[in-house]
Every structure is written in C-alpha cells, then in structure tokens.
Undergrad: 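Below you'll find the structure I mean.
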Amino acid sequence: MSNSEWTFQTKLLHNDSKVDKETGAVSVPIHHSSTFHQVDIEEFGKYDYSRSGNPTREALENAIAELEDGTRGFAFSSGMAAISTAFLLLSKGDHVVISEDVYGGTFRMVTEVLSRFGIDYTFVDMTDLHDVASKIKPNTKVIYMETPSNPLLKITDISGIVKLAKANNCLTFLDNTFMTPALQRPLSLGVDVVLHSATKFLAGHSDVLAGLAVVKDAELGQQIYKLQNSFGAVLGVQDAWLVLRGMKTLHVRLQQSTASARKIAEALSKQPKVEEVYYPGLTFHKGYSIQRYQADGPGAVLSFKLPDAEAVKTFVQNVKLPVFAVSLGAVESILSYPAKMSHAAMPKEEREARGITDGLLRLSVGLENAEDLIKDFEGAFAKLPLVQKFRNVKVR
Ligand SMILES: *Cc1c(COP(=O)(O)O)cnc(C)c1O
C-alpha cells in the first residue's frame with residue numbers, strides 16, 4: 001500500500017516525519033537553530049537560515065501539504081500572518097472579491113490595510129453565484145472564500161466559485177479553518193491557495209498561535225515562498241512542534257466534536273428561547289446539501305440567536321461548562337460573542353447587515369460529553385424570560 005491509498009486518519013500519523021532519519025526519534029526533533037553551518041564556500045546545504053527554512057517547521061509544512069492534497073505548505077506565526085502574506089500576491093490596482101461575513105481580522109486587513117496600498121475590494125454574498133459574478137471586474141485578481149463562514153456558517157459552493165474564477169482569470173483563496181483537511185480539501189476542488197488559522201482545530205488545544213498556507217501549483221508555491229521569506233512572519237520551532245502534535249489527534253477530535261455539535265444543534269433548535277440555530281448539519285440549513293456534497297461533515301462550530309444582548313448576558317453568566325472566550329477549535333468548548341469579539345472590528349451597521357446581531361452567540365464544541373453540555377445550557381436557558389419565538393408574527 002502506498003501513502004496515497006491511506007485514509008486521512010492514517011496519514012495523520014504516517015507521514016515523512018514519522019521517524020527521524022538521523023536518530024529514529026518518533027517525535028519530530030525541535031531544531032532550535034537560527035543559522036546552519038556550511039561546509040564549503042561553493043556548496044551550501046539545504047538549510048542556511050531559519051527564516052528561509054528550518055527542519056522542524058518544514059516537517060509541519062510537508063505534513064499540511066500532504067493532508068490538503070497540495071504540493072507545498074508554509075507555516076506562519078499566526079493565521080493572520082498566513083492570510084496577510086497570501087494577500088501580498090496582489091499589487092496596486094488589483095481588486096478582491098471577498099465573502100461578506102469573513103473573519104473579523106481578514107475584514108480589517110482588507111478594508112484598513114490593503115486599501116492603503118491601492119488594492120480595492122468588494123464584499124459579496126458568496127453563497128449567491130450571480131452576486132459574485134456581477135461583482136467581478138477586469139482587475140479582479142482574487143476571489144476570497146471562507147466556508148462555512150464565520151459566524152453564520154453560510155456555505156459557499158466551492159466548485160461554482162472556482163469555475164467563475166477560472167473563467168475570469170482570478171485566483172481563489174479559501175480559509176479552511178473551520179473544516180480542516182479532515183473534512184474539506186479545497187485544493188482538490190480547484191482552489192489555488194488554502195489558508196488556515198492552525199491556532200484552532202489543527203493545533204486544537206488553545207495553547208499555540210499558528211497559520212498555514214497550502215498550494216498545489218509549483219509556480220504559485222515559489223511565489224508564496226518568496227513572500228514568506230521576504231515578509232518573515234514564520235512560525236517558531238516550538239510552536240511548529242505543538243501544531244504537529246495537535247494534528248495527530250485531529251481526526252478523532254473532530255469526529256467526536258462533530259457528533260456532539262449535531263446533538264447540541266438539534267437540542268437548541270427545539271429550545272423555545274432560541275430564535276435561530278445556524279449549523280450546516282441541520283437539514284433545514286440553507287447550505288445543507290452543498291455541504292454534504294463538498295465536505296465530509298458539518299464540523300464542530302454552530303451559532304444561535306437569542307433575542308438581544310440582555311439575554312446573551314444572562315445566558316453567559318449562567319452557563320458553566322464552556323469557556324467564554326475568543327477563538328474556537330479546542331478540546332474545551334468555547335462560547336463566544338461575535339458582536340464584541342471576533343467581529344468587534346466591524347462597524348455596527350455592517351455587522352448587523354450581515355446578520356451578526358447583538359443576540360448572536362457562537363459555540364465551538366469541544367470534547368466534553370454532549371449531554372453534559374446540553375444540560376448545562378438548559379440550566380442557563382431556564383434563567384431567561386420566555387419570549388415569543390416568532391416575534392415578527394403578530395398575534396391577532
Ligand atoms: C482565528 C481565525 C483566523 C485568524 O487566525 P489567527 O491564528 O488568530 O491569526 C482567520 N480565519 C478564521 C476563520 C479564524 O477563525
């Protein structure tokens with residue numbers, strides 16, 4: 001059996017760095033060295049300086065490249081460093097078409113930083129191919145997707161966007177943080193650059209900040225390598241090791257958390273105090289069938305809407321199990337408040353227009369027992385006043 005025939009689950013453990021070639025170590029050695037001795041003035045070895053290449057970081061870069069069905073991976077000091085470096089492929093005068101409910105940090109990068117360098121942007125509803133097609137301009141160079149989107153879990157038809165992009169000579173970038181290659185492999189669907197905040201599910205333990213970029217095309221790989229080395233936001237070796245270790249249990253963690261997320265989403269959709277539940281594993285979710293087609297599961301993140309900020313406050317004060325924090329994709333469940341956390345960088349009107357209201361909470365399901373989480377939530381819901389679930393329906 002060759003490597004390529006193994007399932008994802010097996011590939012997580014049996015990769016190039018399974019056994020160190022020098023020592024037989026079964027854990028990737030941490031090479032704390034900024035520079036590398038050269039034996040000759042003519043011939044330099046494979047490594048010369050750690051910003052340009054380091055064996056520990058490279059073990060992670062190779063691992064993610066293989067898992068994403070790519071040819072080359074790049075590890076950065078954070079997800080934003082990976083995303084920002086990929087955007088450096090653009091030049092003054094270029095235009096980006098981007099998901100309207102994109103991660104708050106990406107929104108800030110595009111609207112407040114790239115814009116100063118003469119790079120223009122248009123936000124679109126990426127779930128609407130007609131809307132996307134109508135916003136492509138002659139100078140559009142990149143279509144930027146995030147699916148499922150954050151925090152409303154909207155599903156983009158990846159193949160549909162790739163077709164549009166190819167017809168218009170644009171590159172496609174996709175933030176695969178919520179799915180990871182365990183559930184979704186965008187390069188196989190024709191996407192050009194896959195981006196990750198490895199801080200989340202890939203590392204998985206709320207103990208490290210890291211970002212990754214993966215490509216299939218060798219020429220594009222060369223360009224990103226040059227940008228990584230020029231901008232210099234590379235991942236340190238200790239952190240690369242932590243991500244590698246976290247990734248070994250990625251499959252089992254996501255399987256467990258996804259199963260629990262399904263149960264919780266179902267329980268929430270029956271809870272009269274919840275106005276709406278957003279989870280692509282619910283059959284009534286708008287993106288349900290596309291998600292089933294393009295991914296191997298709905299993932300472990302869901303959002304739900306309470307009536308207002310007051311209800312959110314009471315709920316958060318009374319819930320005991322989840323950590324109330326920014327971030328997601330960890331062994332512990334994390335409850336977050338997009339309006340004040342991930343999307344605080346977005347002006348209120350823009351935020352509300354995107355459906356990220358003051359009553360919206362996002363839950364990243366961890367490895368606790370699902371029934372324990374449901375019970376904990378029910379306890380907190382009991383503290384909320386009962387409101388009419390369909391508040392817009394007038395009672396005659
Ligand atoms: C967290 C996150 C990022 C940013 O990653 P950092 O590691 O925090 O820099 C980007 N995209 C998504 C979807 C995220 O959740």
Side-chain angles (χ1 to χ4, degrees), residues 60 64 68 73-87 96 98-114 126 144-156 158 173-184 186 191 193-214 228 231 233-236 239-240 242-243 246-247 254 257 261 278 280 295 298-303 323 325-330 333-338 340-346 354 356 360-366:
L60 170 60
I64 193 65
E68 281 284 8
F74 304 92
F76 296 88
S77 53
S78 68
M80 279 320 302
I83 293 166
S84 304
T85 304
F87 272 131
V96 190
I98 181 164
S99 297
E100 62 187 1
D101 51 352
V102 76
Y103 177 73
T106 309
F107 176 88
R108 178 170 51 210
M109 179 67 196
V110 170
T111 57
E112 295 180 33
V113 182
L114 293 184
M126 204 56 81
Y144 188 103
M145 294 170 258
E146 198 179 303
T147 181
S149 73
N150 181 15
L152 293 175
L153 291 306
K154 285 199 202 167
I155 305 302
T156 292
I158 301 173
F173 291 5
L174 193 147
D175 183 334
N176 204 25
T177 300
F178 275 38
M179 290 281 96
T180 82
L183 299 178
Q184 180 167 278
V191 166
V193 183
V194 167
L195 297 158
H196 281 287
S197 169
T199 312
K200 317 294 168 56
F201 290 103
L202 286 170
H205 293 70
S206 303
D207 53 11
V208 65
L209 217 60
L212 297 167
V214 195
Q228 181 193 37
F231 197 70
V234 294
L235 187 63
D239 291 349
L242 280 169
V243 178
M247 276 164 53
L254 260 178
S257 293
Y278 305 89
V301 181
L302 57 93
S303 291
V323 176
V326 166
S327 199
L328 60 112
S333 291
I334 301 178
L335 185 66
S336 56
Y337 188 35
K340 291 262 156 81
M341 293 178 172
S342 58
H343 291 68
M346 199 176 273
R354 286 163 167 78
I356 306 162
L360 190 76
L361 280 165
R362 188 187 72 196
L363 177 71
S364 164
V365 180

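Quick caveat, the model's predicted, so the values are computed rather than measured. Whatever order the structure lists them in is the order used to number ligands and atoms, beginning at 1.
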Undergrad: Considering only the protein, which heavy-atom contact is closest to atom 11 (N) of ligand 1, and what is its distance?
TA: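 Minimum-distance protein heavy atom for atom 11 (N) of ligand 1 reads D175 OD2, 2.6 Å.
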Undergrad: For I83, take its heavy atoms, then give the atoms of ligand 1 lying under 4.0 Å from any of them.
TA: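 Under 4.0 Å from I83, ligand 1 has these atoms: 10 (C).
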Undergrad: Given side chains that start at C-beta, do those of Y103 and T177 come closer than 4.5 Å, heavy atoms only?
TA: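 In short, these two side chains do not touch, never coming nearer than 4.5 Å.
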Undergrad: Which heavy-atom pair separates S364 from A330 by the least distance, and what is that distance?
TA: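 Looking at all heavy atoms of both residues, the shortest contact is OG-N, 4.2 Å.
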Undergrad: Distance under 4.0 Å to a non-hydrogen atom of G79: what atoms of ligand 1 satisfy this?
TA: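 Near G79, meaning under 4.0 Å from one of its heavy atoms, ligand 1 has 5 (O), 6 (P), 7 (O), 9 (O).
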Undergrad: Do E146 and ligand 1 have an N or O pair less than 3.5 Å apart?
TA: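 It does not: no N or O of E146 is found under 3.5 Å from an N or O of ligand 1.
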Undergrad: Enumerate the atoms of ligand 1 whose separation from the nearest heavy atom of A210 is less than 4.0 angstrom.
TA: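 So the answer, numbered in order with elements, is 7 (O).
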Undergrad: For the side chain of T199 and the backbone of L209, is there at least one donor-acceptor N/O pair under 3.5 Å apart?
TA: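 It does not hold such a pair.
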Undergrad: Minimum heavy-atom separation for P298 to M179, with atom names?
TA: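 Closest pair (atom of P298, atom of M179, distance): O-CE, 3.5 Å.
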Undergrad: Quick one: nearest non-hydrogen protein atom to atom 2 (C) of ligand 1, plus distance?
TA: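 Residue, atom and distance for the closest contact: K200 NZ, 2.5 Å.
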Undergrad: Could you find the nearest protein heavy atom to atom 9 (O) of ligand 1 and give me its residue, atom name and distance?
TA: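 It is M80 N, 2.8 Å.
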Undergrad: Heavy atoms only: give me the nearest M247-L60 pair and the separation to one decimal.
TA: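 Closest pair (atom of M247, atom of L60, distance): SD-CD1, 3.7 Å.
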Undergrad: Can you confirm, on distance only, whether ligand 1 has an N/O atom lying under 3.5 Å from any N/O atom belonging to F178?
TA: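 So ligand 1 has no N or O lying under 3.5 Å from an N or O of F178.
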Undergrad: Before signing off on this row, confirm whether N150 and ligand 1 have an N or O atom pair separated by under 3.5 Å.
TA: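 Among all N and O atoms of N150, none is under 3.5 Å from an N or O of ligand 1.
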Undergrad: Using a 4.5 Å cut-off on heavy atoms from C-beta on, say whether the side chain of L195 contacts that of F87.
TA: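 They are not in contact (no side-chain heavy atoms under 4.5 Å apart), so the answer is no.
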Undergrad: Check each atom of ligand 1 against the heavy atoms of L328 and keep those under 4.0 Å away; list them by number with element.
TA: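 Here the atoms of ligand 1 in question are 15 (O).
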Undergrad: Heavy atoms only, cut-off 4.0 Å: how does L195 contact ligand 1, side chain, backbone, both, or neither?
TA: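 It is neither; nothing of L195 touches ligand 1.
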Undergrad: Tell me, which protein residue and heavy-atom name are nearest atom 4 (C) of ligand 1, and how many Å apart are they?
TA: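 Answer for atom 4 (C) of ligand 1: Y103 CE2, 3.4 Å.
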Undergrad: With a heavy-atom distance limit of 4.0 Å, tell me whether T106 approaches ligand 1 through its side chain, its backbone, both, or neither.
TA: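 Neither part.
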Undergrad: For residues M109 and L114, determine if any side-chain heavy atom of one lies less than 4.5 Å from a side-chain heavy atom of the other.
TA: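 Side-chain contact under 4.5 Å: yes.
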Undergrad: Report the C-alpha distance between N150 and R362 in whole Å, list the side-chain angles of each, state the deciding distance to 0.1 Å, and finish with yes or no for side chain to side chain contact (heavy atoms under 4.5 Å, CB included).
TA: CA-CA 9 Å; N150 181 15; R362 188 187 72 196; 2.8 Å; yes
Undergrad: Can you measure from OH (Y144) to CD1 (I83) and round to the nearest 0.5 angstrom?
TA: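 Those atoms lie 3.5 Å apart.
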